[in-house]
Number of protein chains: 2
Amino acid sequence: MRVRLEDVARRAGVSPKTVSRVLNDEANVSDATRKRVTAAMEEMDYRPLSSARSLAGNRSFLVAMLYDNNDNPASTYLAEIQDGVLEACDAHRYNMMVRPLRMRGDDFVNRLDAVISDHHPDGIVLTPPITDYAPLLKRLRERNVPFASVSPVSREGNIGVAMDEQLAARTMVEYLLSLGHRRIAHVMGIADHGASRWRLAGYREAMAAAGLAEDPALVVQGAFTFASGVAAARQLFALKEPPTAVFAANDDMASGVMWVANERGMKVPQDISVCGFDDIPLASQLWPALTTIRQPSREMGKVAALQLLEVLRGRGPGRLVEMPFSLEVRDSTASPR
Amino acid sequence: MRVRLEDVARRAGVSPKTVSRVLNDEANVSDATRKRVTAAMEEMDYRPLSSARSLAGNRSFLVAMLYDNNDNPASTYLAEIQDGVLEACDAHRYNMMVRPLRMRGDDFVNRLDAVISDHHPDGIVLTPPITDYAPLLKRLRERNVPFASVSPVSREGNIGVAMDEQLAARTMVEYLLSLGHRRIAHVMGIADHGASRWRLAGYREAMAAAGLAEDPALVVQGAFTFASGVAAARQLFALKEPPTAVFAANDDMASGVMWVANERGMKVPQDISVCGFDDIPLASQLWPALTTIRQPSREMGKVAALQLLEVLRGRGPGRLVEMPFSLEVRDSTASPR
DNA sequence: CTGCAAATTGACAGCGCTGTCAACTGTGTC
DNA sequence: GACACAGTTGACAGCGCTGTCAATTTGCAG
């Protein structure tokens, strides 16, 4: 037979309601009572039944992590974030569910509604690019579901975690400049993603600061995928004046660029320097190992979830935490010859 | 105000219990009534509250996917399986949760117990290598929690999904033999994983069938990680008579082997052929693209979950479904020179 | 048309917990 | 010593659904 809250109450010599208070870490319980109840719980190995807690208390102890599975089929980046979110939820005995949410089409708000109505998450963790679809955020606020974001575009009124991606991108390009590169290309990510905008802005900032006029031919559109990196590289290498270095907006695209370089018999980094962004495991497994910006994805997932939990547990308003990045110089970049 | 089952019942002119029966797809409801109730549900956009269903019905509608996070930090393989499991659960309106379960130490059975007691999953999907820890399976059976496995070692009494990995490995090695290789090395995975055993067995089978005596120096231990592939390759390439081809038990290790080849200035596939197993996205992003065995991981996750759901929904006993593999010949293998 | 078994439907209690609100306890004040 | 007041505890109902079992309807043989 399962141990119920009532059983714990009897053992501790208090009313069920008092045990409930202890369980939920509520105020107004004397230290002595709290200690007695906690001991009884331990002794009996009491496990609250979450369905009963949910039904009576009208909360689900559930955090849903939403991601866009249009452009992100099982990506490493998301897997790492998920790992961090899960760790944070575990620590506070919250459950976590992952929900793909196709952002294609215009009924994604309905799909969000369905997720909320079906699962009643107490809160939501938003991952890029879902962090910035205005109608979706609006609906979340209307339905009064707290949420935290990983790398949202707007810092105003958002809680979660962010990184100064523009500065990171600028740092990367400044590094390339310091190696002596002047014709530096940039492969952009999907146009309306915040990550694409920041990384492009950082690139432009560094180039401008070095007094270099922007050559539009050196900035090509990508889509964060390996294949788009391949396409972008083909375009860049076909230029009359090809770049001596390529800064791709993420590692997958950078690996596409390197792939094309190999295909053409160009040596990296002797003939062309290539660098990426994110530092997914792939970056170290490529030959030569990829110079990139390290983004602590797992930690970022954890921190975003912790901010959300802060709110859910009524501990405070939560904030937008800034995470550090680092430039990982490896073997795919060198001075031009 | 939320629409409750009672509201639907009133609208359809039946008792709440009858609506419940329709909701749960039970027998003994006349077609006419069923139709009327279903219509009422639709019209009112009724969403059953899962906490109430769980509490009253003593089931959770929850499937937990267990994985070992010792050796698998956010691996692509698991992410793909997860994706498939999620799809299957969604289709039957079950929730899914992912649970890392460190297999190190000997209290993993307790940790399993905690998962069951805390979350009460109706069923569990086991992923390698958790599929084969006898004490864990025993506990699962004792506690009467149905489970399905992805690639279990033992096919007896297990439901889920499997692939003939030994045949796949043999096929790969036969392909290398057909290219003219004779000194073929194998980098093993973690010793007690089923995948390691089968892939090694397939390697041996093919070598023996070709009349080649096994050279123990050509079979080296790995651990399914990139780093272990690097270590294994250093060992192999240092041999007096190094291999002309290396078959690694998975793609990550194969990429480590290629990395060392590059480091030493050896050309793949001219100087050394390398191949892997799994066909994770990395395989196509390496240069040269990796010859490997394609394993339909996502589909396998889905099929395993479907077998479990078959059981959970009282539809049958479930079975062990065999999935096909395919040899993906790419550019990392060629005849020796 | 009657009688009987099978199929269909409903009444009711209760799953294990928490919200509400009332009751009680102890402390400090004048 | 009486009173006010904050701090602590408990009684009770009820969250929305399903299990049990009894009541009713239907189908069909005689």
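Naming convention: chains lettered A, B, ... in sequence-line order (proteins, then strands); numbering from 1 in each chain.
Atom P of nucleotide C:dC15 and atom CZ of A:Arg4 are separated by 7 Å, given to the nearest angstrom. The distance between atom CD of B:Glu6 and atom P of C:dG10, rounded to the nearest whole Å, is 14 Å. What separates CZ of B:Arg34 from P of C:dA7 is a distance of 15 Å, to the nearest Å. Taking atom CZ of A:Arg47 as the reference point, atom C1' of C:dC17 lies 17 Å away to the nearest angstrom.
Between A:Asn24 and the phosphate of C:dT18, there is a side-chain N or O to OP1/OP2 separation shorter than 4.0 Å. Checking the phosphate oxygens (OP1, OP2) of C:dC15, no side-chain nitrogen or oxygen of B:Ser54 falls inside 4.0 Å. Using a 4.0 Å cut-off, no side-chain N or O of B:Ser20 falls inside it from OP1 or OP2 of D:dC17. Side-chain N/O atoms of A:Tyr46 include none lying less than 4.0 angstrom from OP1 or OP2 on C:dG16. Between B:Ser30 and C:dA7, a side-chain N or O to OP1/OP2 separation shorter than 4.0 Å is absent. For A:Thr18 and D:dT8, the shortest distance from a side-chain N or O to OP1 or OP2 is not below 4.0 Å. A sub-4.0 Å separation between OP1 or OP2 of C:dT8 and a side-chain N or O of B:Asn28 is present.
No more than 12 heavy atoms of other residues, nucleotides or ligands lie within 6.0 Å of CD in A:Glu42, so this atom counts as exposed by the packing criterion.
Counting only distance, with no hydrogens or angles, the side chain of A:Asp132 and the backbone of A:Pro152 share no donor-acceptor pair below 3.5 Å. Side-chain atoms of A:Ser20 never come within 3.5 Å of backbone atoms of A:Pro16 as a donor-acceptor pair (strictly under, hydrogens ignored).
A donor and an acceptor atom sit less than 3.5 Å apart, one in the side chain of A:Arg21 and one in the base of D:dG10.
Place A:Arg36 and A:Gly57 on DNA chain D by their nearest nucleotides, and A:Arg36 ends up nearer the 5' end. Closest-nucleotide positions on DNA chain C for B:Ala56 and B:Gly13 were compared, and the one nearer the 5' end corresponds to B:Gly13.
The side chain of A:Lys17 sits closest to C:dT20 out of D:dG19, C:dT20, D:dT18. Nearest nucleotide to the B:Val29 side chain, out of C:dG14, C:dG16, C:dT9: C:dT9. Closest contact between the side chain of A:Ser15 and the listed nucleotides C:dG19, D:dG10, C:dT18 involves D:dG10.
At the heavy-atom level, A:Ser51 lies nowhere under 4.0 Å from the strands shown.
The structure places CG of A:Asn95 at 5.5 Å from NE2 of B:His119, a figure rounded to the nearest 0.5 Å.
Relative to the six-membered ring of B:Phe61, B:Arg53 meets both conditions, a distance below 6.0 Å and an angle of at most 45° to the axis.
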